[in-house]
Amino acid sequence: MDKWVLIDGNSIIYRAFFAMPPLTNSAGLHTNAVYGFTTMLLKLLEEEKPTHMLVAFDAGKVTFRHEGYEAYKGGREKTPSELSEQFPVLKELLQAFGIAQYELSGYEADDIIGTLSRLADEQGVETVVVSGDKDMLQLASDHVTIALTRKGVSEVERYDPAEIKEKYGLTPLQIIDLKGLMGDTSDNIPGIPGVGEKTALKLLHEYDSVEGVLANTADLKGKMKEKVETHQDSAVMSKRLATIFREVPLEKSTDELAYGGYDAQTLADMFRKLEFKSLIERMALPEAGGGADAGVPAEAPTYEVVSAASLGKAELASLLASSESVYIETIGDNPHQARLIGLAIANGERIAVLTYDDLMDPALSAPVRSWLEDEKAPKRGYDLHKAELALGWIGISLRGIAFDALLAAYLLDPTESSQTLAALIQRHRLSAIQTDEAVYGKGARLQVPEGEALANHLAAKADAVRRLVPLLSEELEKGNMTKLNDELEQPLAVVLAGMEKQGIQVNPAVLEDLGAELEKGITRYMSDIYTHAGMEFNIGSPKQLGEVLFEKLGLPVIKKTKTGYSTDAEVLEKLEPYSEIVKMILHYRQLTKLQSTYVEGLLKEIRRDTGKVHTYYRQTIAATGRLSSQYPNLQNIPIRLEEGRRIRKAFVPSEPGWKILAADYSQIELRVLAHISGDEKMKQAFIEDADIHTKTAMDVFGVTAENVDANMRRQAKAVNFGIVYGISDFGLSNNLGITRKDAAKFIEQYFAVFEGVRTYMDTIVAQARQDGYVTTLLERRRYLPEIKASNFNLRSFAERTAMNTPIQGTAADIIKLAMVKMDAELRERGLRSRMLLQVHDELVFEVPADELELMKTLVPEVMESAIALDVPLRADVSYGDNWYEAK
DNA sequence: GGGATGGTGC
DNA sequence: ATACGCACCATCCCG
C-alpha cells in the first residue's frame with residue numbers, strides 16, 4: 001500500500017525559521033530553519049512511513065499568476081538573509097535524507113503539490129500534504145489529507161474533508177471561494193475589502209460560491225451590498241489567484257518520488273556539519289567524525305545463511321563447536337509470555353538458522369538443544385536473560401552464558417536510551433542491519449515474516465553480535481568494568497532468571513476479599529463526593545476534578561500544570577481546610593489506586609498454570625545500576641499505609657508449611673556514604689550502630705539524645721534523605737515546608753558537623769566535571785555530560801546526579817553481590833530455600849520449616865559480608881506466613 | 001498509540 | 001528563577 005507525503009518546502013521553511021530561536025553552527029551558518037524542518041521530517045517519517053515523498057519549492061519570482069496581476073505576492077518583506085542562506089542547505093539535507101525535491105519554473109510549490117495530489121486522487125493513493133498555508137485545504141479529498149503546521153513546525157493539525165466541513169462548514173473547493181471573498185494580505189490578494197473570514201463564511205453558507213454571491217447581490221443589504229458590487233471583479237480575480245493549478249506539466253514520474261530510507265552515514269555527516277548533535281544521538285547515527293573513513297559501505301554479507309535442517313549432522317556439530325555467537329529471537333515485551341521466533345548460530349563463515357518449528361522438531365533440534373543446555377559450550381549473545389526465560393517456558397534451559405552484548409552495552413553507558421542491536425551496531429559503525437520495526441512492524445501491524453526474510457534477519461543479528469563481542473569486551477576492559485561484567489552482572493543475570501522462573505505464589509482469595517472491601521469504600525466515597533459536588537463527574541479525570549474543585553466549588557488554586565489545575569495529593573492536602581470533599585477525594589484516590597493497580601493488576605498477572613506471578617527483573621534500565629521490575633512490578637507493593645500494606649498478605653509460600661523470610665539492609669545508602677566520604681562522625685555513628693537520624697539531630701541541633709524530639713528527628717531524617725539525593729536548599733525547603741533560607745541554614749549546619757560529607761560532595765562534582773563521569777565502588781560508570789551545561793537547571797541536575805549515583809549505585813552493587821553469593825550459598829549447601837524477590841535493599845525468600853533457623857542467620861550473614869566497608873553493614877531479618885507477616 | 005497526570009516503592 | 005535520586009503502572013484524553 002503506497003503512501004505519499006508531499007511537502008510545501010517554502011511554506012515549511014518559513015514557518016520553521018520564525019518558529020525557532022536563532023541557531024548557528026560554529027562556522028556562523030544559520031541553521032534554525034533547517035533544524036526545524038528536520039525535526040518535522042523526522043516526525044513525518046516516523047508517523048507516516050511514506051513510500052513516496054517529495055518536497056516542492058517555488059521556482060523563481062515570476063509565475064503564471066503574475067500574468068494579469070503583477071502585484072501578486074507584492075509588498076512582501078524581502079526574505080532575510082539568515083533564512084535565504086538556509087535554502088541551499090536544506091536542499092543538500094534533503095539529498096542526504098534521500099528525499100526527492102522538485103521545482104519548476106513558472107509554478108509555485110502549491111501547484112506542483114496540487115498536480116501530484118490530483119494524481120494521487122486518480123490512483124487512489126493515500127496522501128498527506130504538509131504545509132503552513134491554509135489554501136492547501138482545497139486539495140483535501142477522500143485520499144488526500146492536509147497537515148497544517150500549528151504552532152512551531154513539528155506540530156501539525158490534520159484535515160480531511162469532514163474536518164474542514166466541521167470547522168468551516170465548507171467543502172474543500174469552497175476554500176478557494178473563501179479566499180476569493182476575504183483575500184489574503186500575505187499574498188497581496190485583495191478579495192473584497194471589508195470582508196473578513198466571518199462575513200465570507202456567512203456569505204458562502206448562504207450562496208455556496210463567489211459566483212453565487214455575485215449572482216445574488218440583490219439579496220444583500222446596505223454597506224455589504226455596496227462593497228460586494230463595487231469589488232465584483234476583484235473577487236473573481238482573487239478566486240482565480242487562490243486556485244491551485246493542478247495540471248502542471250511535471251517532468252518527473254511518480255516513481256522518482258519513491259523513498260527508500262536514508263543512509264545513516266551520509267545523514268550523520270550532514271548533521272555533523274550542521275552540528276545537530278542531539279539528532280545524531282536521538283537517531284543513533286554513527287558517531288565518529290567524517291574524514292577519510294566516513295561512510296562505512298554496507299558490506300555484502302561475509303557469511304552463508306543456512307537452515308539448520310539443511311545441514312548434515314557433522315556440519316551442524318562443527319558449526320556448534322566453533323560458534324562465536326547466537327541470536328535468540330523473541331517477540332513480545334514480557335519474556336514469560338514472549339513468542340520464541342527462532343534462533344541463529346554463527347561462526348565467522350556460516351550461520352545456521354532454526355525457526356520455532358525446527359526447534360520443536362526433536363529429531364532436527366536435538367543437537368542444538370543439547371548445545372543450548374551445555375554449561376561448557378559458551379554462548380555469546382544479546383539479551384540472553386530474556387532468551388533464557390523464553391526458552392525456559394518451552395522446556396529448554398539455556399546454560400553456559402559467556403557474554404551478553406546488551407548487558408555490556410548497558411554497563412558501557414547505562415543512560416543510553418536505545419540499546420537495540422540495530423542502534424548498537426550503528427554506534428560501532430558496523431554495517432547496518434534492519435531495525436526490528438522495519439522487519440516485523442509494530443502494534444496492530446506486527447507481522448513476522450517467514451522463510452528467507454526471517455532467516456536473513458536473524459542471521460544478520462547473529463553476525464552483528466559476533467562482531468560486537470570483541471569491541472564491547474575491549475571497551476569494558478578500557479573502562480575497568482570487565483570484572484563487574486564477568487563476576488557480577490553476568491552471573492546475576494542467571495540468578496535473576498532463576499528467581500523469575502520460580503515466581504512467587506499469590507493467593508487470589510486474599511486479593512478478591514480485599515477487592516470486595518475496597519469496592520464498598522469506593523462506592524461510598526463516590527456517592528459522597530457527588531453529593532458534595534452537587535453533580536456527578538469522573539473523579540478520575542484530573543480535568544473534570546479540577547473544574548469541580550476550582551470552578552464549581554471555588555477552592556483556591558494552589559498549583560497549575562501544563563494543561564490545567566494541579567490536583568495532586570500535595571495540593572489536595574493544602575485544600576483540606578476549605579471543603580470536606582477534599583479528604584473524600586484523597587481517600588477515593590487511595591482506594592482506587594489499590595483496587596486497580598494492586599488488586600486487579602496483580603490478579604491479572606497470576607499465571608493460571610502456576611498460581612504464581614513471575615516478575616521480570618530488568619538489569620539494563622536504571623541509570624544507577626539498580627534493577628527494575630515489570631509484569632508485575634514487585635518493587636512497589638504498598639507498605640507505608642496499613643490499608644495498602646495488606647496487599648502483602650496475598651504473597652505466600654508455594655509449599656505447605658513453608659515461610660516467607662525477608663531481610664533488608666538497614667540504612668545501606670547512608671552507610672555507603674559514610675564509607676565513600678570517609679566522614680569520621682558518620683562512620684562513628686554506624687560503628688556504634690546508633691539511630692542515624694537521632695544522631696544527626698543531636699549533632700545538628702547540638703542537643704543530647706534525650707532532648708531530640710520527634711520533630712527534630714523528622715527534620716534530621718529529611719536532611720539525610722536530601723543528602724543522599726544530592727541536596728539543594730530548594731528541595732529541602734519543599735520537603736520540610738520551611739523557607740529556602742532556613743533550609744540553606746539547615747544544610748550549612750549539617751555540613752559544619754559532617755565535614756567529610758561536604759568534602760565528598762564538592763569533590764565528586766569536581767571529579768565529574770573533570771572526567772565526565774562518576775563511578776561506584778565496583779567501577780560502574782555513569783556519564784554526566786550536562787555537568788558542563790550553561791543552563792542552570794541542566795547543570796544542577798547533573799551535579800545532584802553526580803552526588804547521588806555513586807551512593808545509590810554502590811548500594812545496588814552491594815545487594816547484587818549479596819544475591820550472587822546467596823545463590824551460590826543455597827546451592828553449595830544443598831538448601832531447598834529459594835530466593836524470590838529483590839526490592840533494592842531487601843531480599844525475600846521462601847523457606848521450608850526445617851531450614852528456617854539456618855536461614856535466619858545465613859541470609860543476614862551473607863548480606864552483611866557481601867563486601868567489607870569502613871562501616872559495618874547491617875541486615876534485619878523477619879519471617880511469617882506471608883510477606884505482610886515478614887515485617 | 002502516546003503524552004500528561006497521579007501514585008506506589010526504595 | 002530554581003524539581004532532592006531511581007523506577008513502573010494506572011487512568012484519562014487527544015489524535
Side-chain angles (χ1 to χ4, degrees), chain A residues 46-47 145 147 150 155-158 160 163 414-415 442-445 538-546 559 561-572 585-586 589-590 592-602 604-605 615-618 621-641 644-645 647-648 664-665 667-669 718-736 740 743 747 782 791-809 811-812 815 838-842:
Chain A
E46 190 181 349
E47 288 177 0
T145 59
R150 215 168 16 191
E155 261 190 69
V156 296
E157 197 155 13
R158 277 153 224 270
D160 61 18
E163 282 151 348
T415 54
K442 74 167 183 180
R445 287 183 295 281
N538 186 347
I539 309 168
S541 159
K543 187 161 169 263
Q544 293 182 35
L545 180 62
K559 194 165 74 177
T561 67
K562 261 183 269 183
T563 53
Y565 310 110
S566 170
T567 68
D568 64 24
E570 204 184 311
V571 167
L572 294 185
I585 292 165
L586 284 167
R589 284 241 178 103
Q590 188 196 357
T592 50
K593 174 80 179 180
L594 290 174
Q595 184 75 302
S596 61
T597 305
Y598 296 106
V599 172
E600 290 166 0
L602 217 43
K604 271 188 272 199
E605 292 290 343
T615 192
Y616 173 38
Y617 286 108
R618 299 202 58 185
I621 298 294
T624 53
R626 275 191 177 182
L627 299 177
S628 83
S629 154
Q630 283 181 311
Y631 317 123
N633 179 357
L634 294 182
Q635 292 183 319
N636 71 344
I637 304 299
I639 189 166
R640 227 179 64 250
L641 302 173
R645 192 173 195 157
I647 296 284
R648 295 182 173 230
D664 67 304
Y665 279 114
Q667 303 295 352
I668 188 166
E669 292 188 337
V719 178
N720 278 330
F721 269 94
I723 290 292
V724 167
Y725 292 153
I727 202 156
S728 76
D729 49 12
F730 191 91
L732 185 67
S733 71
N734 220 10
N735 195 351
L736 280 178
R740 205 182 68 238
I747 294 169
R782 179 173 182 179
N791 178 309
F792 174 85
N793 272 334
L794 289 181
R795 192 179 61 246
S796 303
F797 189 59
E799 287 170 357
R800 290 195 296 274
T801 310
M803 301 182 222
N804 169 261
T805 293
I807 301 172
Q808 193 182 117
I815 193 164
Q838 189 252 44
V839 193
H840 308 307
D841 67 351
E842 174 186 14

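Residue numbering restarts at 1 for every chain, and letters A, B, ... go by the order of the sequence lines. This structure is a prediction, so every number in the text was calculated from the model and none was measured.
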Notebook entry, point to check: Base, sugar-phosphate, or nothing: which does A/L634 touch, judged by heavy atoms less than 4.0 Å apart?
Noted result: nothing
What pairs of nitrogen or oxygen atoms, one from the protein and one from nucleotides 13-15 of chain C, lie under 3.5 Å apart?
unit_1, atom_1, unit_2, atom_2, d
C/dC13, OP1, A/S541, OG, 2.2

Item checked: Atom C1', compared across C/dT2 and B/dG7: separation rounded to whole Å -> 25 Å
Check: Using a cut-off of less than 4.0 Å, is there contact between a side-chain N or O of A/R800 and OP1 or OP2 of C/dG5?
Finding: yes
Margin query: Please classify the nucleic acid contact of A/A811 as base, sugar-phosphate, or nothing, using heavy-atom distances under 4.0 Å.
Written below: nothing
Checklist line | Nearest-Å distance for atom pair CG/C1', residues A/L732 and C/dG5 | finding: 14 Å
Check: Base, sugar-phosphate, or nothing for A/R618, non-hydrogen atoms under 4.0 angstrom?
Finding: nothing
Item checked: Residue list, ring pair (Phe, Tyr, Trp, His ring centres under 6.0 Å) with A/Y616, at least two apart or on another chain -> A/H385
Item checked: Residues forming a side chain to side chain donor-acceptor pair (under 3.5 Å) with A/Q595, sequence neighbours excluded -> A/E519
Notebook entry, point to check: Atom CZ of A/F730 to atom P of C/dT2: distance rounded to whole Å?
Noted result: 7 Å
Check: Can you tell me if the side-chain N/O atoms of A/T624 get under 4.0 Å from OP1 or OP2 in C/dC6?
Finding: no
Next item on the list: Identify whether any heavy atom of A/I639 sits under 4.0 Å from a base atom; if not, whether one sits that close to sugar-phosphate; answer base, sugar-phosphate or nothing.
Entry: sugar-phosphate
Next item on the list: Round to the nearest Å and state the distance from A/Q808 atom CD to C/dC6 atom P.
Entry: 7 Å
Next item on the list: Return the set of residues passing ring pair (Phe, Tyr, Trp, His ring centres under 6.0 Å) with A/Y565 (not counting sequence neighbours), or none when no residue passes.
Entry: A/F550
Next item on the list: Have a look at A/S796 and say if it touches a base, only the backbone sugar-phosphate, or nothing, with a 4.0 Å heavy-atom cut-off.
Entry: nothing
Next item on the list: Would you mind listing every salt bridge (charged side-chain N to carboxylate O under 4.0 Å, His left out) that reaches into residues 593-602 of chain A, with sequence neighbours excluded?
Entry: none
Checklist line | Counterpart residues, side chain to side chain donor-acceptor pair (under 3.5 Å), relative to A/K559 (two or more places apart) | finding: A/D568
Next item on the list: Walking along DNA chain B from 5' to 3', note the first and the last nucleotide with an atom under 4.0 Å from a heavy atom of chain A, and give both.
Entry: B/dG1 to B/dC10
Extract all donor-acceptor atom pairs below 3.5 Å that involve side chains of residues 720-730 of chain A and protein atoms in other chains or at least two apart in sequence.
unit_1, atom_1, unit_2, atom_2, d
A/N720, ND2, A/H693, ND1, 3.0
A/N720, ND2, A/T696, OG1, 3.1
A/S728, OG, A/G731, N, 3.0

Checklist line | salt bridge (charged side-chain N to carboxylate O under 4.0 Å, His left out): pairs with one or both residues in residues 624-635 of chain A, sequence neighbours excluded | finding: A/R626-A/E669
Next item on the list: State, yes or no, whether a side-chain contact exists between A/R800 and A/T805 at a heavy-atom distance under 4.5 Å.
Entry: no
